[in-house]
Protein chains: 2
Amino acid sequence: MIQISRSSYKPIYLQICDLIREKIDSGEISVGSRVWSENEIMENFNVSRNTARKAIETLVIDGIVSRVQGKGSFVSQPKVESGLQYLKSFSEEILVKGMKPTSRVLNFKREHPDFFHANNLKISVDDWVYKLERVRMADGDSIAYQTVFVPENLCPGLEKYDFAKDSLYDAIEKDYGHVLSWQKTTVIPIVADEKIAKVLGIPVEIPLLQTESVSYLAGGTPIESNVNIYLSERYEFTVLSNRHNPAERIEEE
Amino acid sequence: MIQISRSSYKPIYLQICDLIREKIDSGEISVGSRVWSENEIMENFNVSRNTARKAIETLVIDGIVSRVQGKGSFVSQPKVESGLQYLKSFSEEILVKGMKPTSRVLNFKREHPDFFHANNLKISVDDWVYKLERVRMADGDSIAYQTVFVPENLCPGLEKYDFAKDSLYDAIEKDYGHVLSWQKTTVIPIVADEKIAKVLGIPVEIPLLQTESVSYLAGGTPIESNVNIYLSERYEFTVLSNRHNPAERIEEE
DNA sequence: AAGTGGTCTAGACCACTTT
DNA sequence: AAGTGGTCTAGACCACTTT
């Protein structure tokens, strides 16, 4: 019987969950193979079925394993690499890919938003926003042209930052104390016009990915509306999605 | 005591969960207000604590409510659209959007895969796959051109289906008993060449979205590799992402 | 027949919040 | 003190898969 602490502040199910997680992270249990069954956990640790289930359930919720009735629970493909899975800043994404992010500021000023961004930010076109236009680079190569709008009332005094080196998300989260929660992104295919071609240093007519995003704080307030244009040869967009039991979904109606 | 069916094929906890969901959707319980406590559910429906908990837990997982110890469970701010990312078939997606999905089969045969799809499916170019090419329509308008490859050994006898009306995912899940788990999709911008233009009935040079996906079973076996080309004016590609608390991740180590 | 996960019961003690 | 959710036990019957 493997040891767990019954007196720990850490619940038993979490201790077991973490133990299995370690085995997966270390490679002791590989992708696709079975983890302990609920019965095995009950015997190994002398715990009840509920506790055993809860340990596995936590791994399922975290996307680490999948349960299959009658068969067991199996280690899922690790979900690390994804570009759109988690709300990340450009700098964070480039750093994760092992490259060095830099920026060139084309334009940064306080102005009134157009209808599109005012609508995204749930403010009026008479309100004030900061508009920041940047070319983003990875290891010195231009790979994206970003335009972002932030409401002035949520980040007053934003003009003091130098976004050639400062991170916008760092400022929002650490300096203004906002809690970023989620983002909705729409992906649209475009071709480079003359302006974009010049900014990114590419020929016109090249197919590009344009994203339009709105980021929200935990309370639901829009904090940022942006339009980014990516050179897709240099920036891979990937999405990981999970299957939910479609029967459940249909019955809900 | 409100009525639930003890003999339904639908689990009790899901019946209760859906009942609460309806109250939230209809506005009877508004954002920020408390839903039934676990004790109340136990009394209202005469169920055990576990079943009551599981009903609330399902709502928490779906992002509908948040639990707060000592206080109760409260309705969350609705997340723009349908919450997270689900692996859906084309038909399922179109149905959700309130339109009628149809298909035109261009090509369906048993053949050897090229290197790209063989690699995606983790099989050899000497193995056999079914290749299915379809134009997918919503309310009669062509909006996507899909090419999908399925290993023959995982779905032997697939040729008996008529995929002008049958759903590939239905066949995979219900008839072959496979458990679809997750999918990885890469998004690429392209422009319509003559072949695509003809198939989709659009002018050449129009910007389009191409997706390359591989779907996996719960055990990690690739079940499907596909390339889809979408008319993006008719098909909005949106992604919702959540911000991770980087601090939490660090504590786990 | 034996093993797997899915659902459910009826209890218990605990930490936290409100009354 | 009473109510909330968090964790845990020890049992049960079920559907599904493998032996």
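The figures here come from the full heavy-atom set of this structure, side chains too, leaving out hydrogens, waters and symmetry mates.
Nucleotide C/dT17 holds its C1' atom 12 Å from the CZ atom of B/Arg34, rounded to whole Å. In this structure, CE of B/Met42 is placed 9 Å from P of C/dT9, rounded to the nearest angstrom. Atom CD1 in B/Ile12 sits roughly 11 Å away from atom P in C/dT7 (whole-Å rounding). Between the P atom of C/dA10 and the CD atom of B/Glu43 lies a distance of 14 Å, rounded to the nearest Å. For the pair B/Ile16 CD1 and C/dT7 C1', the interatomic distance rounds to 12 Å; values are reported in whole Å. Rounded to a whole Å, the NZ atom of B/Lys174 is 14 Å from the P atom of D/dC16. One interatomic measurement links the two molecules: CH2 of A/Trp36 to C1' of C/dG5, which rounds to 18 Å at whole-angstrom precision. Between A/Phe74 atom CZ and D/dC16 atom P the separation is 17 Å, expressed in whole Å.
Judged purely by distance below 3.5 Å, without hydrogens or angles, the side chains of B/Glu224 and B/Tyr169 pair a donor atom with an acceptor atom.
For the pair B/His117 (side chain) and B/Val129 (backbone), a donor-acceptor distance under 3.5 Å is absent. Here the side chain of B/Gln15 pairs a donor or acceptor atom with the backbone of B/Ser5 at under 3.5 angstrom.
In the set D/dG5, D/dA10, D/dT17, D/dG5 carries the atom at the smallest distance from any side-chain atom of B/Arg53. Which of C/dT4, C/dT7, D/dA10 sits closest to the side chain of A/Asn50 comes down to D/dA10. Closest approach to the B/Lys71 side chain among C/dT17, D/dG6, D/dC8 is made by C/dT17 (side chain taken as heavy atoms from C-beta onward). The side chain of A/Glu40 lies closest to C/dT4 when the candidates are C/dT4, D/dT7, D/dT4. In the set D/dG5, D/dC8, C/dT7, the nucleotide with an atom closest to the side chain of A/Tyr13 is D/dC8. With C/dT4, D/dT4, D/dG5 as the choices, the nucleotide that has an atom nearest any side-chain atom of B/Glu38 turns out to be D/dG5.
With a cut-off of 3.5 Å on both Watson-Crick or G-U wobble distances, the partner of C/dC13 is given as D/dG6. C/dT18: Watson-Crick or G-U partner is D/dA1, with both key distances under 3.5 Å.
When side chains are defined from C-beta on, B/Glu22 does not count as touching B/Glu28, because their heavy atoms never get closer than 4.5 Å. Between B/Asp175 and B/Tyr161, the closest side-chain pair of non-hydrogen atoms falls below 4.5 Å.
Phosphate proximity of C/dT4 to A/Ser37: present, with a side-chain N or O under 4.0 Å from OP1 or OP2. Residue A/Ser73 has a polar side-chain atom (N or O) positioned under 4.0 Å from OP1 or OP2 of C/dG5.
Position along DNA chain D of the nearest nucleotide to B/Val35 versus A/Arg49 favours B/Val35 as the more 5'-ward residue. Of the two residues contacting DNA chain D, namely B/Gln69 and A/Ser48, the nearest-nucleotide position lying further toward the 5' end is that of B/Gln69.
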